[in-house]
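Worksheet: one structure, shown below.
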Amino acid sequence: MAHLLSTTCYLDVSSSNKLHFKSINQCSTPIPTSFNMGISLSPLKKLSLQRKKCAQYVVRASAVSMSQEAKTQNDSGSQQTTDGASTRKKVMVIGGDGYCGWATALHLSKKGYEVAIVDNLIRRLFDHQLGLDSLTPISSIHNRIRRWKSLTGKDIQLFVGDICDFDFLAEAFKSFEPDAVVHFGEQRSAPYSMIDRSRAVFTQHNNVIGTLNVLFAIKEFREECHLVKLGTMGEYGTPNIDIEEGFITITHNGRTDTLPYPKQASSFYHLSKVHDSHNIAFTCKAWGIRATDLNQGVVYGVRTDETAMHEDLVNRLDYDAVFGTALNRFCVQAAVGHPLTVYGKGGQTRGYLDIRDTVQCVEIAIANPAKPGEFRVFNQFTEQFSVNELAALVTKAGEKLGLEVKTISVPNPRVEAEEHYYNAKHTKLIEPGLQPHLLSDSLLDSLLNFAVQYKDRVDTKQIMPSVSWKKIGAKPKTVAA
Ligand SMILES: O=c1ccn([C@@H]2O[C@H](COP(=O)(O)OP(=O)(O)O[C@H]3O[C@H](CS(=O)(=O)O)[C@@H](O)[C@H](O)[C@H]3O)[C@@H](O)[C@H]2O)c(=O)[nH]1
C-alpha cells in the first residue's frame, strides 16, 4: 500500500534568514495513488508516497523584500487578559492552504488575529495524482505567506504536516498555543471519496481520525481553545421536512426532547462529516470541549478582498468533475463553450454561499465562541438554488457577455434525489451580524469574466463526470497519462 510523503515544516516569520533542518516524526495513514483508466502513476509511486521521517525547517520571511509599504489594518482579533492588557487572539487554521482555508487565514490575519496555518499540502498532491489543476495559477504556500508579509507586515506561521500524526499536531499545539482552531483540513470532495475503496477508506480515516486528534490535542494542551469545525449541509441529506440548525424538538409517545437532527449523508465524504459531528458532540459533553460545527453549503466564487491584493495570493478555483463545485463549474463551462452539465433532472437543491461569506462566518464564530461544554451547530449558507436554477442564471449572465451557453442533462453519476422538498434554516449566523453577498448579476458577471480570463488553462477533458456512486469498487482506479 502506498503512503503519503509528509514534510513537517515550520515557517516562523521573524528576524533573521536562517534555515534550520530538523528530523521529525512519521505517520502511517495510507493514501491512494492511482485513478481511472488503466495506467498507474509511476513517478508518484517513485516518490514512495510514504509518511516517513522528514525535515522540519524554519524559514524567515524577512528574506523577501517589502515590495509595498506594510499597512495597518483594522484589528478585531484582540482580546483582554485578566490584568486588562490586550493580546491578539491566536487562531490555528488547519487546511489553510486550501480553497476556503487560504481565504480564511488571510481574512483573519487582516482582522488582527495571530494566525498559524497547519496543512500537509495534500490537496496539491491530489491534483498531481489525478492530473487536475486549478483554473487559476496558485503560488506555493511559502510564497503566499511571504507575499502576505511583504504586503501587510503581518506574519502567518506555517506548520506543514499531517494532523493524523498526533506527535506532529501536539508539537504544533504546544508551539502555537491556539485560542481557536478552525478545522478545514479534510478531504472535502464527495466524488473523490467515491472513486474506489481506497479513496473511501482514506477519506474517512483522514477526516475522522484527524478531527479526533484535534479534539485530543485541545483536551491535552489547550482546554479553553474553541474548535470551529467545517461540517456540511450534506450531513442532513434532503428530508421531506424543514431542516433545522443542528437540532430538532420531537414529541414522541407523549414525551418531548430536543435531539440531533437526523443525518442522511449521501457519499463517504459527507458521511465522514457526520461521524465528526458525533465525535465532537460527545467530547463537548464528556470533556467540556467548546465547539461550533459550521454546516456549510456549496461555496462559489474566488476573490476575497485579501486574495485580490496580489497574484501570489490568488485562490484556487476548481472546475473539474472531482473537486469543482456546481456554480464554479458552470461558469468555467460557459467560458469555454462547454454545455452546462446538469446531472439528471436538475431539481437537486442545496444551500450556496459566496466565499466572502465563508470567511465572514468563520470570523463571527471565532469572535463569539461557544461556552465550555457547548456544541453549537450553524447552517452556513445564504441562499438555496436548484441545479436547473443555477444553469438558468449562468445562461442569462453568459448571454450578456456574448457567450452562447447551452445546457445538457448528463446521466446522474450520483445517487441522490433529483426532485425534492428543501427548506433549510440559516439564521444563527445572521443574528450575530453576517451580511450576505447574495448571488447577483454583477457577481456572476465577474465570476464569468474571471473564468474567461483564464479559459486557456482549462482542460476540457476534466469537465465530464467519471466517478460513479454505483460503480465504485474495491479495485484501485488509476489515471491515464
Ligand atoms: O456539474 C455538476 C456538478 C454538480 N451537480 C449537482 O450539484 C449538486 C451539488 O454538487 P457539488 O459538486 O457542487 O457539491 P457537493 O458534492 O455536494 O460538495 C460540495 O458542497 C458540499 C456542501 S453540501 O452540498 O453538502 O451542502 C461541501 O461539503 C463539499 O465539500 C463541496 O465539495 C449535486 O446535486 C450534484 O449532483 C450537477 O448537477 N452538475
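Order of appearance sets the numbers: ligands from 1, and atoms from 1 within every ligand. Counting from 1, the numbers follow the sequence of the chain as shown.
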Can a salt bridge be assigned to the pair [X] and [Y] using a cut-off of 4.0 Å between side-chain N and carboxylate O?
X    : Y    : result
R329 : D318 : no
K229 : E186 : yes
D97  : R123 : no
E419 : K345 : yes

Would you check the N or O atoms of [X], main chain and side chain alike, for any that come under 3.5 Å of an N or O of ligand 1?
X    : answer
Y343 : yes
S189 : no
Q333 : no
T325 : no
R329 : yes
G297 : no

Within reach of ligand 1, part of [X] (heavy-atom separation under 4.0 Å):
X    : value
Q296 : backbone
V387 : side chain
R350 : side chain
E235 : neither

Protein contact to [atom] [nearest heavy atom, distance to 0.1 Å]:
atom                    : value
atom 33 (C) of ligand 1 : E416 OE1, 3.5 Å
atom 23 (S) of ligand 1 : T232 OG1, 3.5 Å
atom 29 (C) of ligand 1 : R188 O, 3.4 Å
atom 20 (O) of ligand 1 : V298 CG2, 3.6 Å
atom 12 (O) of ligand 1 : R414 NH2, 3.0 Å

Counting from 1, what ligand 1 atoms have a heavy atom of [X] closer than 4.0 Å?
X    : result
G234 : 23 (S), 25 (O), 26 (O)
M233 : 25 (O), 26 (O)
A326 : 7 (O), 11 (P), 13 (O)
T341 : 1 (O), 2 (C), 37 (C), 38 (O), 39 (N)
Q348 : 34 (O), 36 (O)
H270 : 17 (O), 25 (O)

Which value, rounded to the nearest 0.5 Å, describes the distance between E114 atom CD and Q157 atom CD?
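Those atoms lie 6.5 Å apart.
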
Which distance, rounded to the nearest 0.5 Å, do you find between the CG of L434 and the CZ of F378?
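One finds 11.0 Å between CG of L434 and CZ of F378.
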
Return yes when F323 approaches ligand 1 closer than 4.0 angstrom through a heavy atom, no otherwise.
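Distance cut 4.0 Å: F323 fails for ligand 1.
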
When you measure from the side chain of [X] to the backbone N and O of [Y], does any donor-acceptor pair fall under 3.5 Å?
X    : Y    : value
H420 : T349 : yes
D293 : V377 : no
D257 : L259 : no

Passing candidate, side chain to side chain contact (heavy atoms under 4.5 Å, CB included) with S139, options V314, L313, D312:
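Result for side chain to side chain contact (heavy atoms under 4.5 Å, CB included) with S139: D312.
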
Partners passing side-chain contact (heavy atoms from CB on, under 4.5 Å) against T460 (at least two apart in sequence or in another chain)
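Applying side-chain contact (heavy atoms from CB on, under 4.5 Å) to T460 gives V336, V458, I463.
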
By the definition side-chain hydrogen bond (donor to acceptor under 3.5 Å, both in side chains), identify the one residue from Q380, H437, Q435 that meets it with D357.
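One option only clears the test, and that one is H437.
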
Taking side-chain hydrogen bond (donor to acceptor under 3.5 Å, both in side chains) as the test, write out the residues that go with H426, two or more places apart.
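Per chain and number, H426 pairs via side-chain hydrogen bond (donor to acceptor under 3.5 Å, both in side chains) with no residue.
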
